[in-house]
There are 2 protein chains.
Amino acid sequence: MFIGEFHHNIDDKGRIAIPSKYRDILGNSFVITRGIEHCIYVYPNDTFNHIVTKLEGLPFTKKDARAFTRFFMSGATAIELDKQGRVNIPRPLITYANLSKKCVIVGTGDRLEIWDEEAFNEFMSSCNDEMSDIAENLFEEKI
Amino acid sequence: MFIGEFHHNIDDKGRIAIPSKYRDILGNSFVITRGIEHCIYVYPNDTFNHIVTKLEGLPFTKKDARAFTRFFMSGATAIELDKQGRVNIPRPLITYANLSKKCVIVGTGDRLEIWDEEAFNEFMSSCNDEMSDIAENLFEEKI
DNA sequence: TATTTATCCCCCACTTTTCCCCACAGTCTA
DNA sequence: TAGACTGTGGGGAAAAGTGGGGGATAAATA
């Protein structure tokens, strides 16, 4: 399970170090792809494959299915860590997530998310005030 | 499985390089055809044949079936890669997809899509805002 | 039928990108 | 304080993408 928050830099070549605590779980090969709030998702292979299976069940004749599949699959890249434990983020994803230098890598249970630091801070502070309302409707019963 | 996003140029002769990562999957001969959002679809032979079988199951007495089959089949061309790993896109498809120079080639699971770069950016940015909503309604249950 | 025009392929060469390796610096631990 | 680990930066080799030239084949015109 992925938990925690780490602050790393992405260099000019588009490389960023995966926190060493995550490498044990991820192994040496995994998948990164576009995430929904302009961040980057990092999935272990089997988790990613599970989602792909679900998406392949959707017909390409449906507009939303095409759009989301395109969004999710076109952003995906199979990743191998280099000897220093870094990943090479493809340009399109760097642009999409608006990564400049300072990045935040957070664990969210079954995946990692890579955010531009500024965007992350902004998102979190904008959410904090509403969190009470957000939580309100998540569950009907005691969890 | 096709994933990822690549930016290549189409030259004056109508040739465009297929990203080398895709060539392993596609092999040397495959099919390209008209795609739904004014892009070009690229299918491995057996995937294409599978779709054709499905389309042949539709009655030609239905207007929509005729229209879509005509759309999909008339655009199709059998393709062979040249020795440099490029395909020669037929003029009608170049016109249809509005390809000028900068193109985007994306993997969307079972096929590739070739887009004019500008058109692709436009489509993606128009989707990005809605992606949260689109995802919202794709599945009812946990995937 | 002969000549021209266009199209398609293949080959060569240049440029750019990607990947791999090495080296250094800061931090934590023993 | 020494050693190991983690994060950061850069250089060089290999691969991938791009563009143009030339020859073969096919279509078009006189």
Side-chain angles (χ1 to χ4, degrees), chain A residues 2-32 40 42 74-96 99-107 112-117 120, chain B residues 2-32 40 42 77-95 99-107 112-117 120:
Chain A
F2 300 110
I3 56 173
E5 170 182 336
F6 296 83
H7 292 245
H8 286 174
N9 295 331
I10 188 170
D11 67 18
D12 294 343
K13 295 183 175 181
R15 299 174 300 187
I16 189 169
I18 296 295
S20 64
K21 288 191 176 177
Y22 295 148
R23 288 178 213 158
D24 307 332
I25 314 177
L26 279 173
N28 216 39
S29 77
F30 47 92
V31 180
I32 71 177
I40 295 174
V42 182
S74 76
T77 312
I79 292 288
E80 304 252 322
L81 279 185
D82 70 10
K83 292 247 171 105
Q84 282 71 254
R86 289 177 292 194
V87 300
N88 209 325
I89 314 251
R91 292 291 153 192
L93 283 192
I94 293 179
T95 307
Y96 173 75
L99 305 183
S100 51
K101 173 128 186 171
K102 293 183 174 183
C103 299
V104 182
I105 304 180
V106 293
L112 298 178
E113 296 183 357
I114 304 177
W115 289 72
D116 177 66
E117 189 176 77
F120 183 75
Chain B
F2 299 110
I3 57 175
E5 171 181 335
F6 297 83
H7 292 244
H8 287 174
N9 296 332
I10 188 170
D11 66 18
D12 295 342
K13 298 179 178 180
R15 301 173 300 186
I16 190 168
I18 297 294
S20 65
K21 287 189 178 175
Y22 295 148
R23 289 177 213 156
D24 308 331
I25 314 177
L26 278 173
N28 216 41
S29 77
F30 46 92
V31 180
I32 70 177
I40 296 174
V42 182
T77 314
I79 291 289
E80 304 251 323
L81 278 186
D82 72 9
K83 292 258 168 95
Q84 278 72 265
R86 290 178 289 197
V87 299
N88 210 325
I89 314 249
R91 291 293 153 189
L93 284 191
I94 292 180
T95 307
L99 305 184
S100 51
K101 171 133 183 169
K102 292 183 173 183
C103 299
V104 182
I105 304 180
V106 294
L112 298 179
E113 298 181 355
I114 305 177
W115 289 70
D116 177 65
E117 187 177 77
F120 184 76

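A, B, ... follow the sequence lines: proteins, then strands. Residue 1 opens every chain.
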task: Under 4.0 Å from any heavy atom of chain B: name the first and the last nucleotide of DNA chain C that qualifies, 5' to 3'.
output: C:dC9 to C:dC12

Close side-chain approach of [X] and [Y], heavy atoms under 4.5 Å:
| X | Y | result |
| --- | --- | --- |
| B:V106 | B:F120 | yes |
| A:Y22 | A:I105 | yes |
| A:I79 | A:V31 | no |

task: Quick one: list whatever passes side-chain hydrogen bond (donor to acceptor under 3.5 Å, both in side chains) with B:Q84, sequence neighbours left out.
output: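 With sequence neighbours excluded, B:Q84 shows a side-chain hydrogen bond (donor to acceptor under 3.5 Å, both in side chains) to no residue whatsoever.
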
How long is the gap from [atom1] on [X] to [atom2] on [Y], to the nearest 0.5 Å?
| X | Y | atom1 | atom2 | result |
| --- | --- | --- | --- | --- |
| A:I40 | A:L112 | CD1 | CG | 11.5 Å |
| A:T77 | A:I89 | OG1 | CD1 | 8.5 Å |
| B:I16 | B:K101 | CD1 | NZ | 11.0 Å |

task: Measure the distance from NZ on A:K83 to C1' on D:dG9 and round it to the nearest whole Å.
output: 18 Å

- prompt: To the nearest angstrom, how far is A:K102 atom NZ from D:dG7 atom P?
  reply: 17 Å

- request: Would you give a per-nucleotide map of nucleotides 12-23 of chain D, 5' to 3', where B means the base has a protein non-hydrogen atom under 4.0 Å away, S means only the sugar-phosphate does, and - means neither?
  value: ----SSSBBBB-

query: More than 12 foreign heavy atoms under 6.0 Å from CG of B:D12: is that the case here?
result: no

task: Could you list by number each residue of residues 87-95 of chain A showing a heavy-atom separation from DNA chain D of less than 4.0 Å, or answer none if no residue does?
output: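 Those residues: none at all.
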
field: salt bridge (charged side-chain N to carboxylate O under 4.0 Å, His left out) pairs, two or more places apart, involving residues 78-95 of chain B
entry: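 Those involving residues 78-95 of chain B are B:D82-B:R86.
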
ring-ring contact (aromatic ring centres under 6.0 Å, His included) against B:F30, all qualifying residues, sequence neighbours excluded: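 For B:F30 there are no ring-ring contact (aromatic ring centres under 6.0 Å, His included) partners, ignoring immediate neighbours.
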
